Number of protein chains: 2
Amino acid sequence: MRPTAAAKTIARDYYPSFITPAKGAGNLREYPKINNILRYRPGQIIVFEGDVIDYLYEIVTGTVKTYKILNDGRRLITGFHAMGDIIGLPTDGRYFHSAETITEVTVCCYRKGQIEKLMGSNPNLAKKIVKMAFGRLQDSYEQMVSLGRKRPDERVATFLLNCQKWATVQIPSQNVMINLPMSRLDIADYLGLTQETVCRVFSLFKHAGLITLVRPDQIILKNSPQLSKLANLSE
Amino acid sequence: MRPTAAAKTIARDYYPSFITPAKGAGNLREYPKINNILRYRPGQIIVFEGDVIDYLYEIVTGTVKTYKILNDGRRLITGFHAMGDIIGLPTDGRYFHSAETITEVTVCCYRKGQIEKLMGSNPNLAKKIVKMAFGRLQDSYEQMVSLGRKRPDERVATFLLNCQKWATVQIPSQNVMINLPMSRLDIADYLGLTQETVCRVFSLFKHAGLITLVRPDQIILKNSPQLSKLANLSE
DNA sequence: CGCCTGCTTGATGACAATCAAGTTTAGTGG
DNA sequence: CCACTAAACTTGATTGTCATCAAGCAGGCG
């Protein structure tokens, strides 16, 4: 199914807006003619777990979460994704997990078949895709350690430090301001906790002087070394 | 460093035994001249997390576990691996996790550089590697759901069903006998539990008639449908 | 201004970790 | 082959932690 049709059936309030294809910059976008820009509002579903992969979506702006759901509704968020990340992988038949927008999002979408064809003729692109997949693999192992063996405070510390990748502003004195576009519930479902526990750990960190909660979605890391110690990161 | 040297420094009681290179069959072994067969005894370490990847190891016989360790000793086993699985991935600099033998193991080892060169000229091999990586990725997401959102009994059920891949004997009446070469502690460290909890769940399943414990390392699945229901598998 | 949603804090209880003891299995040597 | 030892597994009792249930608070939008 074409992405417009798909989006229409998925989200009733989706408004298709094809914009002029972006050029230059970005991961896949250096290969023009095969892409379209789509725009989503917050809380819209881009793809469903288990659906046949027809298209790959490269995130241009905004934040996306991917997740899996058990049949009684329990949810695990497998990752948060931003600019340059790709939803859906070539060579595989079906989406591993569902993808839903958190903020307003623009994506650049490609026919899977065309990407695969390009990969065949262009070893550099193939290498990029492989590298991306391996990066994800490494991240997911790191996350498995969090979920399986870390305490809640350690998981949150790990999460916050990983969020530095998303950091917009670098504040003087090595403090980092990070943006958390996702809800507490999202963070909880990512860390295998409840939102209450996530809140409590945030409060704990605040009172311990490790962080400052400017707003619920804006946090300043005031003591990264201490957080790193807690996080027990391998890298 | 060459694998022999590495193995020597790693395990004091390692006995290097280069055998004639295997030919035909297997994943990578169709490309001869670049491989050597190595043999390990139970409990020996093949590679350390964080070490520079010089070699890739394809498992020929036996079972291997891969794991990550936190600085206070907590361990998470990221996977169990058997025939055809490859330890270490090309294009990446360092091993994600440590690999240790559970049973006696023979591996076929390849210089990473040579595999990469082959991948460049042989798109089929490249595709195979990518497919393998994607398969791992899918498995790891499934495992993340277990670790983050499933109850202990559900995790064990999931684990047992996944073990059917390793099943040696298919017993009449659709019962499956599975071999568990790993210890309870290994299973616990794989599922993010303690060995006591794993034991208790096994006992629970036994008394519920779901399984039979022939020996601690031999289990018959007597009611796979019920286990599947518990496991909440997506596939 | 007031409702609604998302966040925070508090009280309680369930469940799995921990601590501990006992049992089985496997391995070793007489 | 059997006795002995060590390791792995199992079961029990207790504790601590995090989920659950519940209520209050703050910010955003109509």
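Reminder, nothing fancy here: chain letters follow the sequence lines and each chain counts from 1. Remember, it's a predicted structure, so these values are computed and weren't measured experimentally. What you see below is based on every heavy atom in this structure, not just the backbone, and it leaves out hydrogens, waters and symmetry mates.
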Asker: Can you list the residues that meet the side-chain hydrogen bond (donor to acceptor under 3.5 Å, both in side chains) rule with B:S140, with sequence neighbours excluded?
Answerer: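 B:S140: side-chain hydrogen bond (donor to acceptor under 3.5 Å, both in side chains) contacts with A:S140.
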
Asker: Rounded to the nearest Å, what distance is computed from the CG atom of residue A:D186 to the C1' atom of nucleotide C:dC7?
Answerer: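 The answer, rounded to whole Å, is 13 Å.
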
Asker: Can a salt bridge be assigned to the pair A:D51 and A:R94 using a cut-off of 4.0 Å between side-chain N and carboxylate O?
Answerer: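 Judged by the 4.0 Å cut-off on N to carboxylate O distance, A:D51 and A:R94 do not form a salt bridge.
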
Asker: Does this structure show an ion pair linking B:R149 with A:D189, if we count only N-O contacts that are shorter than 4.0 Å?
Answerer: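 Yes, charged N to carboxylate O under 4.0 Å.
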
Asker: Counting side-chain heavy atoms from CB outward, which of D:dC9, C:dC7, C:dT8 is closest to A:F202?
Answerer: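 Among D:dC9, C:dC7, C:dT8, the one nearest the side chain of A:F202 is C:dT8.
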
Asker: For each nucleotide in nucleotides 18-30 of chain D, reading 5' to 3', give B when a protein heavy atom comes within less than 4.0 Å of its base, S when such contact involves only the sugar-phosphate, and - otherwise.
Answerer: SSBB---------

Asker: Find the distance A:L180:CG to C:dT8:C1' and express it as a whole number of Å.
Answerer: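 Distance, rounded to whole Å: 16 Å.
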
Asker: Atom CG of A:D217 and atom P of C:dT8: how far apart are they, to the nearest Å?
Answerer: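 Roughly 10 Å, once rounded to whole Å.
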
Asker: Tell me every residue that passes side-chain hydrogen bond (donor to acceptor under 3.5 Å, both in side chains) with A:E100, counting only those two or more places apart in sequence or in another chain.
Answerer: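 For A:E100, the residues satisfying side-chain hydrogen bond (donor to acceptor under 3.5 Å, both in side chains) (neighbours in sequence not counted) are A:Y67.
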
Asker: Nearest 0.5 angstrom please: A:N232 CG to B:N71 CG, how far?
Answerer: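 The distance works out to 3.5 Å.
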
Asker: How close or far is atom P of D:dG12 from atom CG of B:L204, stated in whole angstroms?
Answerer: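 To the nearest whole Å, that distance equals 12 Å.
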
Asker: At how many degrees, to 10°, do the end axes of the helix from C:dC1-D:dG30 to C:dG30-D:dC1 meet when each uses five pairs?
Answerer: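 Taking five pairs per end, the axes differ by 40°.
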
Asker: In residues 153-161 of chain A, what donor-acceptor pairs under 3.5 Å come from side-chain atoms, sequence neighbours left out?
Answerer:
| unit_1 | atom_1 | unit_2 | atom_2 | d |
| --- | --- | --- | --- | --- |
| A:D153 | OD1 | A:R151 | NE | 3.3 |
| A:D153 | OD2 | A:R151 | NH2 | 3.3 |
| A:E154 | OE1 | A:R151 | N | 2.7 |
| A:E154 | OE1 | B:R74 | NH1 | 2.8 |
| A:E154 | OE1 | B:R74 | NH2 | 3.4 |
| A:E154 | OE2 | B:R74 | NH2 | 2.7 |
| A:R155 | NE | A:S146 | O | 3.1 |
| A:R155 | NE | A:K150 | O | 2.8 |
| A:R155 | NH1 | A:L191 | O | 2.7 |
| A:R155 | NH2 | A:L147 | O | 3.4 |
| A:R155 | NH2 | A:K150 | O | 3.1 |
| A:T158 | OG1 | A:K150 | NZ | 3.0 |
| A:T158 | OG1 | A:E154 | O | 2.7 |
| A:T158 | OG1 | A:A231 | O | 3.4 |

Asker: To the nearest Å, give me how far apart CD (A:Q195) and P (C:dC7) are.
Answerer: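 Distance, rounded to whole Å: 7 Å.
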
Asker: Is it true that A:E142 and B:K68 have a side-chain N and a carboxylate O under 4.0 angstrom from each other?
Answerer: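 Salt bridge flag = yes for B:K68 with A:E142.
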
Asker: C:dT9 P sits how many Å from A:R184 CZ, rounded?
Answerer: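 Going from CZ in A:R184 over to P in C:dT9 covers 10 Å.
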
Asker: Check this for me, if you would: do B:R184 and B:E196 make a salt bridge, where the nitrogen-to-carboxylate-oxygen distance has to be below 4.0 angstrom?
Answerer: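 Judged by the 4.0 Å cut-off on N to carboxylate O distance, B:R184 and B:E196 do not form a salt bridge.
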
Asker: I'd like a table of donor-acceptor pairs (distance under 3.5 Å, sequence neighbours excluded) in which one partner is a side-chain atom from residues 206-222 of chain B, with atom names and distances.
Answerer:
| unit_1 | atom_1 | unit_2 | atom_2 | d |
| --- | --- | --- | --- | --- |
| B:H207 | ND1 | B:S203 | O | 3.0 |
| B:R215 | NE | B:D217 | OD1 | 3.0 |
| B:R215 | NH2 | B:D217 | OD1 | 3.0 |
| B:R215 | NH2 | B:D217 | OD2 | 2.9 |

Asker: Counting side-chain heavy atoms from CB outward, which of D:dT10, D:dC9, C:dT9 is closest to A:K206?
Answerer: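 Given the options D:dT10, D:dC9, C:dT9, the side chain of A:K206 is closest to C:dT9.
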
Asker: In whole Å, I'd like the distance from the CG atom of B:L147 to the P atom of C:dA16.
Answerer: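 Computing the B:L147:CG to C:dA16:P distance gives 14 Å.
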
Asker: Take atom CG of B:L185 and atom P of D:dA8, then tell me their distance rounded to the nearest Å.
Answerer: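 Rounded to the whole Å, the gap is 9 Å.
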
